[in-house]
Number of protein chains: 2
Amino acid sequence: MLERRLDGETLVTVYGRCTVEYDGRAASSLGPGDRLLVLKPDGTALVHTTENQKPVNWQPPGCTHEVSLVDGGLRVRSERSTPAEELRVAFETVEQVSAFDARDEEDLALTGTEEDLRQRILDDPDLVESGFRPLATERETSAGAVDVYGEDREGRTVVLELKRRRVGPDAVGQLVRYVEALRRELHTDAEIRGVLVAPSVTDRARELLGEEGLEFVSLTPRASDD
Amino acid sequence: MLERRLDGETLVTVYGRCTVEYDGRAASSLGPGDRLLVLKPDGTALVHTTENQKPVNWQPPGCTHEVSLVDGGLRVRSERSTPAEELRVAFETVEQVSAFDARDEEDLALTGTEEDLRQRILDDPDLVESGFRPLATERETSAGAVDVYGEDREGRTVVLELKRRRVGPDAVGQLVRYVEALRRELHTDAEIRGVLVAPSVTDRARELLGEEGLEFVSLTPRASDD
DNA sequence: AGTTTAATATCGAAC
DNA sequence: GTTCGATGTTAAACT
């Protein structure tokens, strides 16, 4: 039944006591225990234990799944190339095998992302500071694309780095790279301001901002009356 | 049956046609489709479609799950506080409901991690460069802990930043922060070398290394005869 | 196929 | 509890 249903159209689940071996980018071994194996029609494989949101082992979409019987026990093997990766699940006991004809056309509608934060700023630039004028989004520099590029009321160049949630030192590093790249590329004597826009910052990130002469503006992706 | 089995000891799966609403750190809405709902004993909730490794919607461990019947349809609600987040799954049809008494004591044994790379270097420092002497791991600086701290054959301070796989500009930014922090804190005139140790680097990362006067050494977490 | 960055990232450890 | 960095991160956009 399983072999027939690994046809790229069926969602398969197997529940039972098994061991799991993985070899690829890393390598792992998992002793016997009760787990849920999910084989998706797109070639994804997931091994879930009783704990955690992440599967304990997995294969990404695009893999090929095979089943076999060894000493009366079910074996499932999933593999891919580039990079070469292999997952082997050996069941001692199987409590349940299911195959579902799945139909799902709907796309997820998600809000509260960095893109929403950008749109909020473009709709009302005064949220950043009075007189701020956005000139471009995703403006290219040698250090990568700047989220929002614009001018303040005095005509000084302003670079915004947007984050949808509280930020640590990594985001400051990103902003530093953009500001330094623009200073080199615009080769102007005029000041370039770098502003991190996020709901809040950690202490270490705030220190780094001070050391680098950068600024912070508190803003969330969602309107306060949400 | 479901209410009785949401007892913190049972793994529950529900398969059927449903809609999903999420509100919390972000917010999302998903129209009707066939999906697999997994409720773990640790309070995790997963909604899986036919595609992708990641669930289309989820709740992290520690949430409380509730079930109810509305107009003859099964509803599942999962919520948590700090941050306040809620997931609602409304089933039109239910093809299967399962409850499994799960027993799993085994821990995953994973190799090929950054920790393995560190151990490789401590076992044979010459892999980094002839004469390199590691003095400390996780050495604290104001910018965070340095992976490996040591001296080269001439006695110059060397900072290693380790990555288990090919690295981009972000890792260079991290190394820059550590080297700058040490230059301030050691307030010495002597040179401090920063070395990125990883299997490979992207072009942009290599440029950044050059601009910052940092170095790169190619090394993987696993021995070449693996 | 490779690069870059966002993410409801997740997860674990240190504080 | 918050902060910080690794992750077999995943996933999407772009080259």
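Every chain is numbered from 1, with letters handed out A, B, ... down the list of sequences. Quick caveat, the model's predicted, so the values are computed rather than measured. In what follows, every heavy atom counts, from backbone to side chain, and hydrogens, waters and symmetry copies are set aside.
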So that I can tick it off, tell me whether Glu211(A) and Arg177(B) are bridged by a salt bridge, with the cut-off set at under 4.0 angstrom between side-chain N and carboxylate O. no

At 4.0 Å (heavy atoms only), tell me whether Pro60(A) reaches a base, stays on the sugar-phosphate, or touches nothing. base

Would you say Arg177(B) places a side-chain N or O within less than 4.0 Å of OP1 or OP2 belonging to dG5(D)? yes

With a non-hydrogen cut-off below 4.0 angstrom, is Thr82(B) in contact with a base, only sugar-phosphate, or nothing? nothing

Whole-angstrom distance between dA7(C) and dT7(D), as gauged at atom P: 22 Å

Need to verify one output field. Residue with the more 5' nearest nucleotide on DNA chain C, Asn52(A) or Ser28(B)? Ser28(B)

Hey, is Arg118(A) close enough to Asp147(A) for a salt bridge, meaning N to O under 4.0 Å? no

So, OP1 or OP2 of dA9(C): does either fall under 4.0 Å of a side-chain N or O from Arg25(B)? yes

Starting at the 5' end of DNA chain D, which residue's closest nucleotide do you reach first, Leu87(A) or Thr202(A)? Thr202(A)

Given dT5(C), dA6(C), dA6(D), identify the nucleotide with an atom nearest to the side chain of Lys163(A). dA6(C)

Short side-chain N/O contact from Gln174(B) to OP1 or OP2 of dA6(D), under 4.0 Å: yes

Suppose you measure atom C1' in dA14(C) against the same atom in dG8(D); what distance do you get, rounded to whole Å? 25 Å

Using a cut-off of less than 4.0 Å, is there contact between a side-chain N or O of Trp58(A) and OP1 or OP2 of dT10(D)? yes

Looking only at the side chain of Thr113(A) (C-beta and beyond, no hydrogens), which of the listed nucleotides dG8(D), dA7(C), dA12(D) gets closest? dA7(C)

Using a heavy-atom cut-off of 4.0 Å across all strands, would you classify Ala205(B) as base, sugar-phosphate, or nothing? nothing

